[in-house]
Each structure stands twice: as C-alpha cells, then as structure tokens.
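Here the structure comes first, spelled out in structure tokens, and everything after it is commentary.
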Amino acid sequence: MRTWMILLTALSLGHTVNAQTAEKGFTRQDTLRGTLTADRNWWDVTYYDLDVTVLPDTKSLRGVNEIRYRVLRPSQRLQLDLQQPMIIDRITQDGRPLNFTRDGNAWFVDMPAPQPKGKVLSLRVEFHGQPREAKNAPWDGGVVWGKDSLQRPWIATACQGLGASVWWPNKDHQSEEPDSMQIKVTVPAGLIAVSNGRLRALDGSANTFTWFVANPINNYDVALNIGHYKNFTDTYKGEAGPLDLSYWVIDYNLDRAKSHFSVVKPMMACFEHWFGPYPFYKDSYKLVETPHLGMEHQSAVAYGNRYKMGYRGTDLSGSGWGLKFDFIIVHESGHEWFGNNITSKDIADMWVHESFTNYSETIFTECQYGKEAAEAYVQGIRSKIANDKPITGTYGVNEEGSSDMYSKGANMLHTIRQIIGNDDTFRKILRGLNKTFYHQTVTARQVEDYINSVSGKNFNKVFDQYLRHTRPPVFEYSISGNTLRYRWVADVKGFDMPLKVSLLPGRMTFIKPTQQWQTAKLFDPAKFEVDKNFYVKLRKV
C-alpha cells in the first residue's frame with residue numbers, strides 16, 4: 001500500500017542509485033528486487049489471501065495467493081516476485097490465464113485486460129516448489145525444516161532481507177504492505193500451524209489453520225510456524241484497552257514458558273509508556289517458540305532463546321544488566337513499534353528498525369532497574385560496534401548497511417537524548433513517531449525531520465555523521481595548565497554537536513565544539529572527563 005508516496009522519493013534518488021549501483025557492482029536482479037520499477041509502481045497491494053500447503057517429507061510447498069490491488073495508473077505489464085527454485089505455475093485474472101515470463105527471481109505478467117486507474121482488481125497466482133532452506137536462520141533466511149528434541153517436525157520461516165518471495169509470490173518491496181491479509185496453512189495431521197493475527201478458522205479434517213491479520217503487515221513479517229504446539233493465554237490491561245496475549249510453545253515446554261514469559265506484562269507497560277499503545281490490538285500479541293533464535297514477525301513474535309536470560313545466556317553489554325532479562329523477548333517485541341508499526345521504505349534505512357529497537361533494551365532496563373543501570377547497559381554494548389562501514393546501505397538494490405545499526409545506532413539515539421536534555425521531550429518524540437507514522441512505511445528523512453521538529457534542534461549533521469559515515473566523531477583535545485583546547489574531527493562539514501564535559505567540579509557542562517580549535521578554562525585539569533553517555537571517540541593531543 002501507499003506506493004504513490006515513494007514515487008517522488010524514488011525519482012529524486014534515481015541518479016544517486018544508478019551511480020552507487022554501478023560503482024558497487026550490483027546486478028540487474030538487485031535492482032529488480034530493490035527498486036520500485038515501472039512494472040511495480042503502477043499498482044498498490046490492498047489484500048493478500050495466501051493459501052499454502054506444507055509438505056515436510058519433501059521440504060516443499062504448494063499454494064495459491066489471491067492478490068487484490070488498486071490501479072494507480074494504467075499499465076500493461078506487472079512484476080511479481082518469487083525466488084528460485086520456487087515456481088509459478090499459473091496466473092489468472094477473472095478466470096482467464098495470463099501470459100508471464102521469468103527473469104531470475106522476477107516474474108513479468110502481461111495484462112491484456114484494461115487496468116483503469118482507481119479500480120481494485122485481483123490476480124490468482126498458483127505456485128509450488130522447494131524453497132531455499134535456511135542454513136543459519138534468522139541471519140541466513142529461508143525455511144527452517146527443523147526437529148524438536150523428540151525428533152518431530154518443527155518448521156518456521158525467517159526471511160528479513162532475503163525477502164518473503166523466498167517462499168510465497170508477492171510484490172516484494174519493503175515499501176509495500178497490504179491493508180490486511182488472510183493466511184491459510186494446511187499441515188500434516190498432528191501438527192499445528194501458527195501464523196500472524198488471530199485464528200479465524202480450523203478445519204480439523206484437512207488440518208487447515210486460517211489466520212487473519214486485520215492491520216497492514218510487511219511481507220517479511222508473514223510467518224509460518226509449524227510444530228507440536230500448546231497454547232496458553234492471558235490479558236494485559238493496556239493503554240488502548242484489554243490486549244490479548246497468546247503464547248504458542250512446544251508441548252513439553254508449557255510449564256517453563258508460563259513462568260518465563262511473565263516478563264511480557266512489565267515489558268508491555270514499559271514500552272507503552274515510552275512508545276505509545278501497542279500498535280496491533282486488533283491482531284493481539286503472540287510469542288511463538290521457533291527452532292531459530294527469533295524474529296519480529298508482527299503479532300507472532302518468533303522466540304528461540306531457549307528460556308535463557310540475556311542473549312543465549314550471555315550479556316551483550318558486559319555490564320551485568322543484560323542478564324536480568326530475556327534479550328529475545330524484549331528486543332523482538334520492541335520491533336512491534338519500530339519495524340512493524342513504523343517500517344522503512346527501503347532496507348537501506350533499516351536503522352529505523354534496529355537502532356530504536358536496540359535502544360528499547362536500554363529503555364526496558366531503565367524501567368526495571370533505573371537510569372544508572374540503563375546507562376551502564378547502553379555504554380556496555382559499544383564493545384559490539386565495528387565501525388566497518390556506514391549504517392545506511394545503498395538505496396534501490398535491497399542492501400542493508402553495517403550491523404552497527406544496532407549498538408551504534410542505539411548509542412546515537414542515547415547521545416541525541418543527552419543533547420535534548422529533557423526526557424519528557426524525548427518520550428514525546430518516541431510516542432509521537434509511533435502516532436504520526438502509525439502503520440506506515442517511511443523514509444529515514446521523515447524520521448530525522450520529525451525528531452528535529454519536536455526537539456526544536458537540528459540534528460542533521462549528527463545523523464549524517466553517525467549514519468552515513470563509517471567512524472563516529474572524534475573529540476580532539478589538549479590540556480595546558482588550566483586551559484582546555486578542543487575541536488571536532490569529523491567527516492561532515494561544519495560538524496558542531498554539543499558535548500558535555502567537566503569544566504567545573506561535580507557537574508557536567510555543555511560546550512559547543514566546532515571543527516576549529518577553541519579554548520575553555522578548567523577548574524581542575526586532573527579531573528577533566530567527557531560525559532560517557534555521549535558516544536564519541538576521544539583523542540588527546
């Protein structure tokens with residue numbers, strides 16, 4: 001949906017994208033996957049009706065996807081996406097077969113019937129095949145054909161980045177979300193299929209589970225979870241009323257899950273306070289146990305941390321606070337606000353998902369254990385920052401940037417929070433983002449402009465330095481007697497981010513370094529320090 005919103009952005013980025021893709025050696029397939037081409041931008045998906053049969057013995061799928069779309073302008077060719085080795089068998093419109101050709105993972109459909117602007121039309125797409133098997137989900141995506149500890153089938157999908165077209169045909173661009181969706185899954189007897197939204201129907205004779213998503217959903221969030229599940233439920237009294245909580249776990253983990261998942265209610269209270277109401281009350285909140293580590297599948301959050309505290313039993317921050325909570329529950333649930341409610345139009349801006357969500361771990365730590373604990377946590381995760389390449393990827397080719405979008409991105413936001421200097425305003429920004437861009441896809445610029453507007457400060461140079469260059473800013477300084485001499489060394493011309501330092505005893509004071517040398521008087525040179533809540537590099541000269 002909302003394809004028209006990205007057209008002007010795509011046009012303005014066109015020359016930049018072409019230059020970047022040529023320089024970096026991206027292929028035609030990369031462009032077909034990552035760009036709203038002429039065969040994509042004339043139609044806007046409004047509804048998917050996906051019906052899939054899962055065949056574990058052959059690790060294969062077969063199914064039908066009914067695609068309802070609105071015509072934005074007349075056209076005679078349409079691009080669908082389904083990745084090799086999956087196969088589209090037949091495409092029809094109003095019962096009439098359509099001709100189509102394949103170009104790698106893109107399928108081009110001839111549209112002989114008129115496609116009048118404003119009309120809502122539909123396609124029926126029949127498909128089958130053995131989808132790419134995930135080797136190391138969720139990082140190496142695809143379908144996980146796993147086994148539980150009793151050697152029974154345990155199957156899940158995880159396809160962020162790679163794309164949902166790895167297992168079902170769709171318009172696979174991150175800017176595109178249907179208004180709602182039905183997901184019908186048929187599995188062998190004895191297995192249970194859990195997907196997004198609410199269970200609408202169960203056909204016991206065919207062992208078919210029909211799930212319905214009432215809200216917009218991104219393609220990569222659509223998930224299959226198949227296993228020997230048991231379910232238990234609860235209710236959270238949230239900002240927007242009673243929120244249904246539903247937990248689907250492998251049968252032998254039921255008792256353990258009832259205890260371990262008790263973190264969900266305090267987490268919800270924390271996140272709703274800081275981010276605003278949970279965005280998907282109509283679809284409920286679910287945690288679904290999976291054979292892979294986890295993923296933010298909307299209203300069906302994938303959980304595979306094996307009931308351990310921290311991240312697989314370790315503290316990513318090294319501060320001790322990271323072992324006080326289950327990382328996967330908190331992080332992946334944070335994505336319901338940043339990633340699922342607010343989704344970046346291009347995966348190059350994936351920091352909009354990961355930086356805010358990584359910072360949600362700090363927010364949760366603060367809610368539970370106080371501000372000092374939160375500061376220790378966010379400072380501790382700096383050890384994971386590589387500064388290997390920019391956080392922002394290349395536009396138009398489905399390329400994400402550096403994994404620094406997690407820890408470095410969170411520390412960028414923590415730094416911005418210090419500069420704003422008012423937690424009421426910072427909270428207003430987080431809640432306002434989720435209200436202003438509710439159920440929308442966005443550009444990074446929209447998010448940055450919103451933060452500037454509400455804070456009353458211009459962070460453009462800060463965003464450029466942390467997101468679009470490899471290294472953080474360097475605070476270069478020297479001390480001679482009681483005189484502090486200092487400046488910024490940064491890639492962004494005119495970089496002038498305020499910084500807190502200890503000019504006076506017992507307190508931090510803002511200074512305003514530029515890229516030119518400046519001086520200030522120190523009360524006690526031996527005790528000079530830079531506020532550790534600012535993520536900057538220090539260089540004493």
Side-chain angles (χ1 to χ4, degrees), residues 1-14 17 20-21 26 29-37 39-41 43-46 48 67 69 72 79-83 105-106 138-139 141-142 157-179 181 196 213 215-223 279 295-298 332 335-357 391-401 403 405 409 433 437-447 467:
M1 60 185 297
R2 294 177 293 276
T3 303
W4 63 272
M5 295 175 63
I6 198 172
L7 296 184
L8 292 178
T9 302
L11 289 172
S12 68
L13 288 173
V17 168
Q20 288 178 320
T21 55
F26 291 106
Q29 285 298 309
D30 295 324
T31 300
L32 289 175
R33 173 73 174 85
T35 300
L36 281 175
T37 61
D39 298 317
R40 280 172 150 180
N41 64 23
W43 58 290
D44 179 26
V45 175
T46 61
Y48 287 125
I67 304 173
Y69 63 94
L72 303 179
Q79 178 185 332
L80 283 175
D81 304 287
L82 184 64
Q83 296 179 33
N105 296 323
W139 303 278
T157 56
C159 53
Q160 185 181 21
L162 177 62
S165 57
V166 72
W167 66 274
W168 61 285
N170 56 74
K171 184 179 180 180
D172 206 359
H173 190 274
Q174 198 160 278
S175 68
E176 188 71 41
E177 296 182 347
D179 300 315
M181 181 173 183
N196 312 80
V213 181
N215 294 295
I217 185 170
N218 212 271
N219 293 343
Y220 81 84
D221 276 325
V222 178
M295 180 57 67
E296 66 266 26
H297 298 143
Q298 182 177 310
E332 303 304 347
H335 273 305
E336 292 281 46
W337 285 265
F338 295 98
N340 298 346
N341 183 39
I342 305 172
T343 308
S344 65
K345 290 182 182 294
D346 194 301
I347 202 170
D349 288 329
M350 193 171 157
W351 73 267
V352 173
H353 302 198
E354 299 300 349
S355 298
F356 284 98
T357 300
I391 286 174
T392 301
T394 305
Y395 292 98
V397 289
N398 199 56
E399 186 210 42
E400 60 191 66
S403 60
M405 70 180 77
L433 283 168
F437 302 116
Y438 182 74
H439 292 176
Q440 293 182 36
T441 59
V442 300
T443 64
R445 181 58 61 193
Q446 287 176 282
V447 172
L467 298 175

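Along the sequence shown, the residues carry numbers beginning at 1.
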* Structure fact -> Residue set satisfying ring pair (Phe, Tyr, Trp, His ring centres under 6.0 Å) with Trp337, at least two apart, ordered chain then number -> Phe271, Phe275, Tyr278
For [X] and [Y], indicate whether the former's side chain and the latter's backbone hold a donor-acceptor pair under 3.5 Å.
{"X": "Thr37", "Y": "Leu32", "result": "no"}
{"X": "Thr357", "Y": "Phe338", "result": "yes"}
{"X": "Asn196", "Y": "Gln298", "result": "yes"}
{"X": "Asn105", "Y": "Gln29", "result": "no"}
{"X": "Glu177", "Y": "Thr441", "result": "no"}

* No-hydrogen, no-angle side-chain donor-acceptor test under 3.5 Å, Thr443 and Lys345 -> no
* Would you tell me whether Asp81 and Gln83 have side-chain atoms, one donor and one acceptor, within less than 3.5 Å of each other? => no
Where [X] and [Y] come nearest, the two heavy atoms and their spacing:
{"X": "Thr343", "Y": "His353", "result": "CA-NE2, 3.5 Å"}
{"X": "Asp172", "Y": "Ala164", "result": "OD2-N, 3.2 Å"}
{"X": "Glu336", "Y": "Pro279", "result": "O-CG, 3.4 Å"}
{"X": "Gly409", "Y": "Ser355", "result": "CA-OG, 3.2 Å"}
{"X": "Tyr220", "Y": "Gln174", "result": "CE2-OE1, 3.9 Å"}
{"X": "Val447", "Y": "Trp351", "result": "CG1-CH2, 4.2 Å"}

At what distance, to the nearest 0.5 angstrom, does [atom1] of [X] lie from [atom2] of [Y]?
{"X": "Lys171", "Y": "Tyr69", "atom1": "NZ", "atom2": "OH", "value": "11.0 Å"}
{"X": "Cys159", "Y": "His297", "atom1": "SG", "atom2": "NE2", "value": "6.0 Å"}
{"X": "His173", "Y": "Gln79", "atom1": "NE2", "atom2": "CD", "value": "10.0 Å"}
{"X": "Ile391", "Y": "Glu354", "atom1": "CD1", "atom2": "CD", "value": "11.0 Å"}
{"X": "Thr392", "Y": "Asp349", "atom1": "OG1", "atom2": "CG", "value": "6.0 Å"}
{"X": "Ile67", "Y": "Tyr48", "atom1": "CD1", "atom2": "OH", "value": "5.5 Å"}

Any side-chain heavy-atom pair of [X] and [Y] under 4.5 Å:
{"X": "Ile217", "Y": "Val222", "value": "yes"}
{"X": "Trp168", "Y": "Asn219", "value": "yes"}
{"X": "Asn170", "Y": "Val45", "value": "no"}
{"X": "Ser175", "Y": "Asp346", "value": "no"}
{"X": "Asn341", "Y": "His439", "value": "yes"}
{"X": "Glu176", "Y": "Arg40", "value": "no"}
{"X": "Phe356", "Y": "Leu433", "value": "yes"}
{"X": "Glu399", "Y": "Arg33", "value": "no"}

